[in-house]
Number of protein chains: 2
Amino acid sequence: MSAPSPILPDDPASKERLRLWLRFLKASRAIESQIRDNLRREFASTLPRFDVMAALSRYSDGLKMSQLSEVLRVSNGNVTGIVDRLVEDGFLVRVAVPNDRRAWQVRLTERGEKEFAAQAAAHESWINEMLGEFGAQDAANIGNRLEQLETSLREKKQ
Amino acid sequence: MSAPSPILPDDPASKERLRLWLRFLKASRAIESQIRDNLRREFASTLPRFDVMAALSRYSDGLKMSQLSEVLRVSNGNVTGIVDRLVEDGFLVRVAVPNDRRAWQVRLTERGEKEFAAQAAAHESWINEMLGEFGAQDAANIGNRLEQLETSLREKKQ
DNA sequence: TAAAAATATTTTAAGGTTGAAGTAAGTGGG
DNA sequence: CCCACTTACTTCAACCTTAAAATATTTTTA
């Protein structure tokens, strides 16, 4: 680890940070695109659909549309379309919310839960394969670093 | 660094690798979405457009459509639309390739070069700001790690 | 050289993404 | 009560993305 240094427009570390970002992005896109391919080939699905089901699998009562878009950090309108298609496929249901006719509670169906369980297991094994060169300790260290980063980004945005 | 360990479906490190990936993805999306916002607000542009211009800025003779999609690792059809719009905006030109009437050489115009120079400078400073907590040495170390990862992913795909 | 194969690009259909505008339904102050 | 405001969600237009089909052109093969 190097000592902290001041952040200036022409900081000599600036170029190194840019290179870091470009590599970060490249690796992230490579992994993501492999996951998208696998989801498509093995489950005829997509990453956004997987993300929606993953979010709902953590809430047995389901989530309202607005909560879903909050959790996933995507726009409201976006969630509408993805949920529409998952409902058509029988993986999700929209349940009316008592005392509020504007809102919907979205939930996994039993079929959706089964499907997601299969996808999640496959997903974990794809990642395990792709990140095989990281040992547990190593993964935890870098993971912590990334969490710090994400926190600092959120603070900067406020 | 931890010792290398075998990769098995129920490797105890598997969950740790999954957590690493989820954090990785979260951080990457946070940075990317900030860049997209900035490009939109400050330059009325998008990340794919920036990527195309960045690729072309490294080749003063320009690139053929297929080379562009190769370099950017996106589909052929995708590049067509993005280049169309950049041509409309006067930032790019399609130049006929002698002796091959199927192909086009795509190049930045002078105006495109100026525009990209401004965007690239802003882009570097956004990254420098967001990744400020990484020192030069630190950024280089993690960057190397990511490059290894990307190489190993490419090998696995073959 | 004619037919077949390969190459370069565009078009198409289906989905994902956003911000902004639109619709419907709840909430509150006067 | 009613008018303004807010909230929950959907629709819309524009762009990005892919795989697959379509076009046009060049190269290879028989």
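Values in this document were obtained by computation on a predicted structure and should not be read as measured data. Here is the naming used below: chain letters follow the sequence lines, and residue numbers restart at 1 for every chain.
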**Prompt:** Under 3.5 Å, is there a donor-acceptor pair linking the side chains of Ser14(A) and Glu124(B)?
**Reply:** yes
**Asked** For Val79(B), does its backbone N or O pair with a side-chain atom of Ser69(B) as donor and acceptor, under 3.5 Å?
**Response** no
**Prompt:** Between Arg73(A) (CZ) and dT18(C) (P), how many Å, whole number?
**Reply:** 12 Å
**Request:** Round to the nearest Å and state the distance from Leu68(A) atom CG to dT7(D) atom C1'.
**Result:** 17 Å
**Message:** At 4.0 Å (heavy atoms only), tell me whether Leu47(A) reaches a base, stays on the sugar-phosphate, or touches nothing.
**Reply:** nothing
**Prompt:** Which heavy atom of Arg145(A) sits nearest a heavy atom of Glu133(B), and at what distance?
**Reply:** NH2-O, 3.9 Å
**Prompt:** Asn144(B) and Gln148(B): side-chain donor and acceptor closer than 3.5 Å?
**Reply:** no
**Request:** Look at the side-chain N and O atoms of Asn78(B) and state whether any lies under 4.0 Å from the OP1 or OP2 oxygen of dT18(D).
**Result:** yes
**Asked** Taking the side chain from Arg94(A) and the backbone from Trp104(A), do they hold a donor-acceptor pair closer than 3.5 Å?
**Response** no
**Request:** For residues Phe116(A) and Phe91(A), establish whether the separation of their ring centroids is below 6.0 Å.
**Result:** no
**Prompt:** Taking CG from Asn99(A) and C1' from dT27(C), how many angstroms apart are they, rounded to a whole number?
**Reply:** 14 Å
**side-chain N/O Arg85(A) vs dG16(C) OP1/OP2, d < 4.0 Å** = yes
**Asked** Going by heavy atoms closer than 4.0 Å, what residues in residues 33-42 of chain B are next to DNA chain C?
**Response** Arg40(B)
**Prompt:** If Ile, Leu, Val, Met, Phe, Trp and Tyr residues are connected whenever their side-chain heavy atoms lie under 4.5 Å apart, and connections chain through other members, are Phe134(B) and Leu22(A) in the same group?
**Reply:** yes
Atom pairs, N/O to N/O, protein against nucleotides 8-10 of chain D, distance under 3.5 Å?
{"from": "dC9(D)", "atom 1": "OP1", "to": "Trp104(A)", "atom 2": "N", "distance (Å)": "2.8"}
{"from": "dC9(D)", "atom 1": "OP1", "to": "Trp104(A)", "atom 2": "O", "distance (Å)": "3.2"}
{"from": "dC9(D)", "atom 1": "OP2", "to": "Ser66(A)", "atom 2": "N", "distance (Å)": "2.7"}
{"from": "dC9(D)", "atom 1": "OP2", "to": "Ser66(A)", "atom 2": "OG", "distance (Å)": "2.6"}
{"from": "dT10(D)", "atom 1": "OP1", "to": "Arg94(A)", "atom 2": "NH1", "distance (Å)": "2.9"}
{"from": "dT10(D)", "atom 1": "OP2", "to": "Thr80(A)", "atom 2": "OG1", "distance (Å)": "2.9"}

**Message:** With no hydrogens and no angle check, just 3.5 Å: does a side-chain donor-acceptor pair link Ser33(B) and Arg29(B)?
**Reply:** no
**Message:** Distance check needed: dA8(C) C1' versus Leu63(B) CG, whole Å only.
**Reply:** 14 Å
**Message:** Tell me if the centroids of the rings in Phe24(A) and Phe24(B) come within less than 6.0 Å of each other.
**Reply:** yes
**Message:** Nearest whole Å is fine: how far is dG16(C) C1' from Asp51(A) CG?
**Reply:** 12 Å
**Prompt:** Between Arg101(A) (CZ) and dT27(C) (P), how many Å, whole number?
**Reply:** 12 Å
